[in-house]
Amino acid sequence: MGTRNYNCKDEELPAMGSYLTSGLTRDMADFSAFSSRFNADYLSGFKERVNNCTLLVNPREEAAALKTINAGLYVQMGRLGECVNRLSIYFKTVRSEIFLTAADTGIIVLRNRIRRRDLAGTLQSLRLVLGHVRKYNNALKKQGLTDAMIGEINAVYAVLLEENQKQYDIVSNRKRLIQENLHILNDLHSQILEICETGKVLYMGKDAVKVQEYTFRNLVKKVRSVRKPEEK
């Protein structure tokens with residue numbers, strides 16, 4: 001099993017490579033004057049390596065599949081949220097009979113997890129709530145809970161479980177592929193370091209902005225600052 005030669009996230013490496021591609025293209029004359037190794041073939045090879053790593057860590061087909069799964073999950077969670085809101089009223093009306101507070105039923109936590117679109121947490125909380133529904137079925141039905149509503153909640157639960165497994169399979173497969181091809185990412189990392197080190201030597205004391213552009217630590221920060229809003 002391969003070992004990572006870098007401390008950043010796998011998906012951050014090709015993003016850093018994309019930033020460096022722009023800088024290297026712009027400054028190729030200076031790099032070429034420093035060493036003949038930095039030529040058109042070097043640049044095209046670097047671009048190809050960045051592209052290959054991008055496809056490795058974020059395959060287009062898998063990314064599209066995950067996007068489709070997530071869109072469906074959000075619809076199901078919205079559907080579940082409506083059911084839970086109604087269910088909370090039934091539990092509230094039988095509170096003195098079953099001696100469970102709103103917190104005890106698990107509905108408060110479930111609502112919060114649905115709102116945060118926390119799939120794993122939603123499934124965990126929903127199992128607790130469904131357990132209480134089964135246990136206090138008669139009392140809840142006297143207040144208006146129907147078999148149709150219970151069936152709807154169970155149907156949503158089944159869909160969430162199935163889609164959760166699909167997500168897991170896709171992500172697990174991606175991790176396996178990355179582990180099997182770590183040498184590709186390690187090679188990109190080595191080339192990124194080479195470009196950064198050369199760029200800093202070329203512009204140290206001459207162009208502070210470019211020195212920052214060719215500083216590995218700053219590249220990591222730049223990539224993370226762009227990714228954070230997208231992850232929200």
Handout entry: K9 vs R4 side-chain heavy atoms within contact, under 4.5 Å
Key = no

Handout entry: Flag for S125-R113: side-chain donor and acceptor within less than 3.5 Å
Key = yes

Handout entry: Polar side-chain atom of D27 near backbone of D30 as donor-acceptor pair, under 3.5 Å
Key = no

Problem - Test side chain to side chain contact (heavy atoms under 4.5 Å, CB included) applied to L123 - qualifying residues, sequence neighbours left out - result: L119, R127, Y157, L160, L161, N164

Handout entry: Pair N52, R49: side-chain N/O donor-acceptor within cut-off below 3.5 Å
Key = no

Problem - Residue pair A139 / I98: nearest heavy atoms and the distance that separates them - result: CB-CG2, 4.5 Å

Problem - Beyond-backbone contact of L126 with V156, side-chain heavy atoms, under 4.5 angstrom - result: no

Practice task
Under the salt bridge (Lys or Arg N to Asp or Glu O under 4.0 Å) rule, what do K222 and E213 come out as? Steps first, then yes or no, please.
Solution key: CA-CA 9 Å; K222 186 174 183 178; E213 290 178 356; over 6 Å; no

Exercise for the section: State whether the side chain of N51 and the backbone N or O of K47 hold a donor-acceptor pair below 3.5 Å, judged by distance alone. Expected result: no

Handout entry: Ring-face cation contact, Y214 with K200, 6.0 Å cut, 45° max
Key = no

Handout entry: Least distance between heavy atoms, A65 atom then I170 atom
Key = CB-CD1, 3.9 Å

Handout entry: Pairing of K67 and E62 as salt bridge, 4.0 angstrom limit
Key = no

Handout entry: Donor on one side chain, acceptor on other, D187 and Q191, under 3.5 Å
Key = no

Practice task
Take D147 and K141, measure what salt bridge (Lys or Arg N to Asp or Glu O under 4.0 Å) needs, and give me the verdict at the end.
Solution key: CA-CA 8 Å; D147 288 331; K141 282 186 174 180; 2.5 Å; yes

Handout entry: Selection residues 37-86 - residue pairs positive for ring-ring contact (aromatic ring centres under 6.0 Å, His included), sequence neighbours left out
Key = F31-F38, F38-Y42

Practice task
Would you indicate whether the side-chain heavy atoms of H132 and D104 approach each other to under 4.5 Å?
Solution key: no

Handout entry: No-hydrogen, no-angle side-chain donor-acceptor test under 3.5 Å, N173 and R176
Key = yes

Completion exercise
Residue pairs meeting side chain to side chain donor-acceptor pair (under 3.5 Å), one or both in residues 86-96, sequence neighbours left out, come to S88-R111

